[in-house]
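Structure record follows, encoded as structure tokens.
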There are 4 protein chains.
Amino acid sequence: MWNNFNKFLKYVQENDLTVDGAMTDPKGDRGLSPSKQADGDLYLRVVERREDGVVVRGAKCHQTGMLNSHEVVVMPTIALTPNDKDWAISFAVPTDAEGIIHIYGRQSCDTRKLEPGADIDLGNAEFGGQETLTIFDNVFVPNERIFLNGETDFAGMIVERFAGYHRQSYGGCKVGVGDVLIGAAAVAADYNGAHKASHVKDKLIEMTHLNETLFSCGIACSAMGSKTEAGNYYIDNLLANVCKQNVTRFPYEICRLAEDIAGGIMVTMPSEADFKDEKIGPYIDKYLRGVNSVSTENRMRILRLIENICLGTAAVGYRTESMHGAGSPQAQRIMIARQGNLAAKKKIAKKIARIEE
Amino acid sequence: MWNNFNKFLKYVQENDLTVDGAMTDPKGDRGLSPSKQADGDLYLRVVERREDGVVVRGAKCHQTGMLNSHEVVVMPTIALTPNDKDWAISFAVPTDAEGIIHIYGRQSCDTRKLEPGADIDLGNAEFGGQETLTIFDNVFVPNERIFLNGETDFAGMIVERFAGYHRQSYGGCKVGVGDVLIGAAAVAADYNGAHKASHVKDKLIEMTHLNETLFSCGIACSAMGSKTEAGNYYIDNLLANVCKQNVTRFPYEICRLAEDIAGGIMVTMPSEADFKDEKIGPYIDKYLRGVNSVSTENRMRILRLIENICLGTAAVGYRTESMHGAGSPQAQRIMIARQGNLAAKKKIAKKIARIEE
Amino acid sequence: MWNNFNKFLKYVQENDLTVDGAMTDPKGDRGLSPSKQADGDLYLRVVERREDGVVVRGAKCHQTGMLNSHEVVVMPTIALTPNDKDWAISFAVPTDAEGIIHIYGRQSCDTRKLEPGADIDLGNAEFGGQETLTIFDNVFVPNERIFLNGETDFAGMIVERFAGYHRQSYGGCKVGVGDVLIGAAAVAADYNGAHKASHVKDKLIEMTHLNETLFSCGIACSAMGSKTEAGNYYIDNLLANVCKQNVTRFPYEICRLAEDIAGGIMVTMPSEADFKDEKIGPYIDKYLRGVNSVSTENRMRILRLIENICLGTAAVGYRTESMHGAGSPQAQRIMIARQGNLAAKKKIAKKIARIEE
Amino acid sequence: MWNNFNKFLKYVQENDLTVDGAMTDPKGDRGLSPSKQADGDLYLRVVERREDGVVVRGAKCHQTGMLNSHEVVVMPTIALTPNDKDWAISFAVPTDAEGIIHIYGRQSCDTRKLEPGADIDLGNAEFGGQETLTIFDNVFVPNERIFLNGETDFAGMIVERFAGYHRQSYGGCKVGVGDVLIGAAAVAADYNGAHKASHVKDKLIEMTHLNETLFSCGIACSAMGSKTEAGNYYIDNLLANVCKQNVTRFPYEICRLAEDIAGGIMVTMPSEADFKDEKIGPYIDKYLRGVNSVSTENRMRILRLIENICLGTAAVGYRTESMHGAGSPQAQRIMIARQGNLAAKKKIAKKIARIEE
């Protein structure tokens with residue numbers, strides 16, 4: 001089956017395809033293992049075994065990017081016991097394979113994109129992501145696309161490895177969004193004449209400091225990585241978890257500082273429609289103009305961008321997905337405890353304190 | 001004119017009217033005083049003086065509750081110099097007086113309220129606020145409704161007093177919303193079976209601790225208040241600013257903890273429309289059900305409420321308005337510096353250190 | 001026995017005596033109750049019952065102020081089961097009663113007080129506290145001095161009540177020390193010419209803000225208190241625990257900011273002895289002089305005061321005792337959970353979300 | 001003069017010498033440049049120029065490790081103007097060169113090392129550092145040991161480069177101390193039976209997370225470094241400042257958590273002398289014993305180690321020197337502002353918001 005994977009990998013690379021990695025099951029009762037769930041589909045599983053492949057049923061949640069992917073690689077989401085053989089399944093199928101249903105997830109402010117002529121109120125008109133709840137309703141998977149089939153022992157390692165790489169990536173991904181938010185906050189300060197105030201400069205420094213700390217964590221877990229037997233490089237697992245843990249904190253504070261700099265107007269501004277209205281518009285233009293000849297429109301544009309990242313469609317990714325993507329905070333804390341080598345630290349402390357036992 | 005105010009106060013009390021306190025001007029270039037602004041209307045001012053009253057022009061921003069108020073009391077928003085006589089104006093008029101235009105402010109997720117049959121996706125269907133940008137387009141104010149007219153010396157005190165009371169009130173207002181969010185997070189934890197995990201219990205404790213700290217600050221600035229010559233009680237100004245300063249921080253952390261407990265599903269869930277769809281609905285119901293027979297609908301309801309307070313229409317008030325209402329963070333820091341009595345503290349330090357100068 | 005207490009209270013008041021409240025036992029294995037401990041003395045207990053009184057044996061830890069008290073009131077430190085009757089004992093004896101041994105606790109920098117001619121290096125020469133480990137080695141307690149004797153049901157309430165008042169007091173006690181530290185940091189900034197830098201002013205504001213938040217919490221739990229049946233006023237227990245919880249955090253940050261403002265010199269300065277040395281002193285005086293004719297001696301004095309509160313003898317009380325006095329952080333969190341009325345909050349959240357169960 | 005430096009470097013390497021880098025001047029009035037100071041010696045300078053070298057006068061503060069170094073390299077501490085030629089001086093001399101006087105700095109708890117038979121109370125008996133105020137009282141420096149002489153243009157770069165490397169190093173140095181403190185706190189928890197409590201485990205995880213974040217920052221500024229023209233590698237300056245900025249925060253929190261876990265006993269324990277006393281000792285041994293047969297002596301040893309790092313001699317380095325070494329927090333914030341490339345961030349924000357100017 002590793003041969004299956006290599007073939008699939010080559011296929012994807014040669015055809016320059018986008019692949020979604022689908023791990024998170026709905027999970028049902030988090031206190032029960034898959035085979036003990038009231039509904040066995042709450043963790044995706046094999047429901048029928050044929051000669052030429054298997055049929056699977058289940059769902060994968062929070063699938064960011066599923067809709068702009070060609071293929072999906074499905075993996076188990078937790079470590080498994082020998083009782084869970086049907087859940088120890090990993091495979092790849094095209095995202096439009098028969099039996100697959102993508103149910104689009106709502107985002108804060110999503111329908112602004114559907115408002116006629118929407119432009120200013122979008123804030124961030126060109127970029128974004130979307131999540132799906134992807135249903136696998138008796139989907140057939142041919143043998144050559146199967147990568148794991150019943151080997152329950154390996155499920156935990158797949159989760160740990162995938163999570164490790166995913167936790168590393170946040171030191172790049174969220175940092176990029178942070179850069180945009182820092183820039184937007186600075187522009188907003190320029191536009192209302194507050195950019196020279198020392199407290200505003202200091203908040204921009206703080207945002208930069210926090211953002212670069214996240215970047216440092218992403219770099220560090222990469223730089224301290226090592227080559228696996230298979231030939232690919234794996235990150236330092238402890239530092240990748242430290243990276244992700246910080247990502248569950250700092251974007252929230254970076255948002256708070258951005259809202260501080262932007263001012264209350266970011267959430268009380270009139271709509272683009274009113275701004276463009278013949279009668280009402282001139283009042284808005286007169287009163288919400290920026291300083292130094294900055295147009296009201298440009299001031300509104302930058303404030304809508306900040307609103308988008310802090311509360312709107314991009315806040316979904318920048319805040320809540322920073323919290324939960326690649327595992328919720330407690331998951332990293334468990335890994336940090338496991339990898340933190342407390343025994344060695346206790347030993348050196350005892351040595352320095354001259355404790356003999 | 002204090003007689004005018006007393007008459008107005010009696011009128012309001014006897015008729016049980018709701019009054020909006022309108023202070024915040026658009027301000028234009030924050031580095032310039034009103035009389036130096038490119039457009040003198042950027043701070044509301046008198047533009048014509050008649051025998052029976054004055055005509056004013058300007059605007060007031062971020063007016064929460066304006067649309068559900070009968071009357072509006074207008075006040076200057078900064079301390080004024082003798083050059084600013086026309087801006088030293090305070091008065092009350094009905095909110096539908098001629099020349100007044102209320103321009104409704106957009107909020108995150110506002111249009112969900114307009115979606116046909118919207119119920120679950122609203123999260124918080126019954127309660128909310130709204131802000132306006134209220135234009136005063138040559139509004140006539142009769143003499144008997146004028147409370148301040150040219151006495152520039154008093155503007156600063158009005159701002160300080162009004163801000164003081166307003167900063168006190170956040171120790172009640174935002175704490176109430178916090179209570180709802182804490183309850184909602186606890187319900188969400190019950191619904192996904194995570195409520196027994198010690199880290200979840202600890203996060204609920206932390207949210208409670210932060211919320212009660214805000215409440216304590218509201219109580220303290222009230223309990224340490226004192227009676228003014230006029231007979232009304234004024235809060236302790238230092239402690240009211242401390243109260244508000246904490247309100248610019250803790251709701252953000254309370255939201256972050258709520259998002260941690262709620263899970264990523266709060267921002268990736270399908271819509272109510274899909275949930276109610278004949279074909280798609282059963283899949284959503286099957287996979288997003290809560291534990292212990294909690295219905296999918298109820299699970300969605302509580303998650304939408306959390307989404308509403310953390311990112312949606314209520315986030316406008318709970319987060320960004322907590323940041324800026326009654327003055328942005330820097331405003332409180334300036335007041336804390338003024339009231340902090342640093343001279344007395346330096347004196348006792350020198351005494352203890354036996355410093356003689 | 002409540003009559004015994006009232007008599008004792010009158011005696012203390014009429015004679016203006018100082019009384020130490022001794023609660024904390026050594027506790028041994030924190031996982032075991034008193035009657036299960038390897039050594040039953042690890043919680044103070046009755047070891048002999050006579051007609052005219054009892055004989056007790058045990059110890060009380062961390063007794064701040066014991067050595068400047070006339071009397072000591074001893075109380076149990078945890079809730080007790082019916083098996084623990086001998087440990088359900090509360091009484092008062094003079095601090096020099098026969099069988100009592102006070103073992104003085106070490107403090108950071110304690111021996112500076114013994115250095116000949118010590119003055120500048122003490123920083124804080126006149127004020128301080130000290131802790132003892134007080135041994136009760138078969139101490140006889142006459143009947144009239146006994147307040148609780150075997151009524152295990154009341155132990156938990158005594159602990160909760162005593163802790164409640166003690167947690168309230170920190171909103172005054174530690175705030176006073178905080179005031180001194182804020183003043184000392186401000187003086188240090190004056191002395192090295194940094195007082196005008198906006199970041200220094202901002203740090204002093206932050207220290208003040210945190211300190212006044214602690215004060216607000218002390219005021220609030222008092223203002224929200226109520227009269228008991230006995231006639232004395234009891235604090236609001238939830239808010240007293242919130243007060244103490246903040247005291248386990250903010251003094252540490254106030255110290256950190258003080259160290260930031262004071263500069264590295266506070267921990268690298270030469271000794272008073274070298275400063276007074278004929279040969280070496282002139283160099284120290286030349287190089288460590290303050291600005292604006294501030295003498296080197298005065299500069300050293302204020303830095304030693306800051307060192308004393310942040311690392312020295314006063315740090316014992318300002319930091320570590322802020323952490324553990326009246327119960328460690330986890331103890332308050334348990335009380336906040338109990339008092340937080342989560343059920344009511346869940347109820348209002350469900351109501352707002354229109355959840356019917 | 002670069003040739004001088006290379007010769008010196010070779011000499012040091014071939015003889016395996018330890019070199020102190022001396023940068024920090026007393027600075028006097030921080031608002032004035034060196035040539036404007038009341039006393040021109042407040043920044044080390046050339047006072048006499050001879051044919052074979054120069055004579056310098058001044059002092060260097062906070063010199064950690066000076067006393068265990070063979071040589072000292074002296075550098076200017078700030079950027080210089082053309083008026084400051086005499087202060088643009090950098091050189092190396094042996095630490096016992098004529099005219100050099102080292103004045104030992106006091107540390108918290110320093111005299112414990114002088115107490116007869118001191119062992120347990122030292123906590124950390126074998127390791128430590130010490131700081132000096134090193135006076136250069138008309139010290140002659142031969143030409144071949146001079147590296148900078150009047151080229152004021154280069155002073156700022158020397159400071160920036162030296163500070164850069166020094167800020168990087170904290171991601172290793174302080175992390176090592178952090179490891180010891182984490183280990184000590186874990187041992188203390190084992191010794192008092194609290195190690196299984198989930199809140200204790202969580203605090204150890206938090207300490208580890210913060211410590212590894214510092215490590216990540218040290219790794220990142222190194223990994224993102226680049227080769228200079230001279231052939232040596234220089235760190236990424238922005239990330240090195242981010243590293244140091246975090247080091248001014250996290251050790252304080254790591255200490256606070258250690259004090260939380262250790263318990264109040266760490267600052268109220270009797271002395272070693274009393275513990276070893278024939279009469280008093282048995283009481284201490286009986287009551288302060290650890291659980292699971294952990295001896296009282298070992299329990300005291302680990303608590304004294306924690307006390308040493310949090311308040312004692314090692315706290316000088318772990319806390320206050322973490323704050324100020326290699327530049328105080330504000331210095332890093334200025335560098336982060338300079339390097340943060342705000343212009344590029346504003347540009348991408350405007351692009352995304354579709355702002356045209």
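Just so you know, these numbers use all the heavy atoms, side chains as well, and skip hydrogens, waters and symmetry mates. Computed from a predicted model, the values in this text were never measured in an experiment. Chain naming here is simple, since letters A, B, ... match the order of the sequence lines and numbering starts at 1 in each.
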Is chain C contacted by the side chain of [X], its backbone, both, or neither, given a heavy-atom distance below 4.5 Å?
{"X": "D:R112", "answer": "side chain"}
{"X": "D:K286", "answer": "both"}
{"X": "D:V291", "answer": "side chain"}
{"X": "D:S108", "answer": "both"}
{"X": "D:N192", "answer": "both"}

Residue pair C:H199 / D:R333, side-chain heavy-atom distance below 4.5 Å:
no

Would you say D:Y287 and C:D41 make side-chain contact, with heavy atoms under 4.5 Å?
yes

Which atoms of [X] approach chain D - backbone, side chain, both or neither, heavy atom under 4.5 Å:
{"X": "C:K27", "answer": "neither"}
{"X": "C:D29", "answer": "both"}
{"X": "C:D121", "answer": "side chain"}
{"X": "C:E115", "answer": "side chain"}
{"X": "C:E307", "answer": "side chain"}
{"X": "C:S271", "answer": "both"}
{"X": "C:M323", "answer": "side chain"}
{"X": "C:D137", "answer": "side chain"}

Which heavy atom of [X] sits nearest a heavy atom of [Y], and at what distance?
{"X": "C:Y104", "Y": "D:D274", "answer": "O-OD2, 4.2 Å"}
{"X": "C:I103", "Y": "D:P270", "answer": "CG2-CB, 3.6 Å"}
{"X": "C:E131", "Y": "D:V267", "answer": "OE1-O, 4.1 Å"}

Got more than 12 heavy atoms from elsewhere within 6.0 Å of NZ, D:K36?
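No, not enclosed.
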
Which one wins on heavy-atom pair count under 4.5 Å against chain C: [options]?
{"options": "D:G264, D:G290, D:P26", "result": "D:G264"}
{"options": "D:D39, D:D25, D:T24", "result": "D:D39"}
{"options": "D:G28, D:G317, D:G325, D:G58", "result": "D:G58"}
{"options": "D:R249, D:E253, D:M266, D:E272", "result": "D:R249"}

Testing D:I265, D:T268, D:D260 for side-chain contact (heavy atoms from CB on, under 4.5 Å) with C:H324, which one passes?
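Going through D:I265, D:T268, D:D260 one by one, the side-chain contact (heavy atoms from CB on, under 4.5 Å) with C:H324 is satisfied by D:D260 alone.
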
Taking every non-hydrogen pair under 4.5 Å, which of [options] racks up the most with chain D?
{"options": "C:A59, C:C61, C:A38", "value": "C:A59"}
{"options": "C:R289, C:Q107, C:R319, C:E321", "value": "C:R319"}
{"options": "C:A315, C:A194, C:P329, C:G263", "value": "C:G263"}

Once you round to the nearest 0.5 Å, how far does [atom1] of [X] lie from [atom2] of [Y]?
{"X": "C:L288", "Y": "D:L133", "atom1": "CG", "atom2": "CG", "value": "5.5 Å"}
{"X": "D:F275", "Y": "C:R106", "atom1": "CZ", "atom2": "CZ", "value": "15.0 Å"}
{"X": "D:H62", "Y": "C:M269", "atom1": "NE2", "atom2": "CE", "value": "10.5 Å"}

Check whether any side-chain N or O of C:R256 sits under 3.5 Å from a backbone N or O of D:T248 as a donor-acceptor pair, and report yes or no.
yes

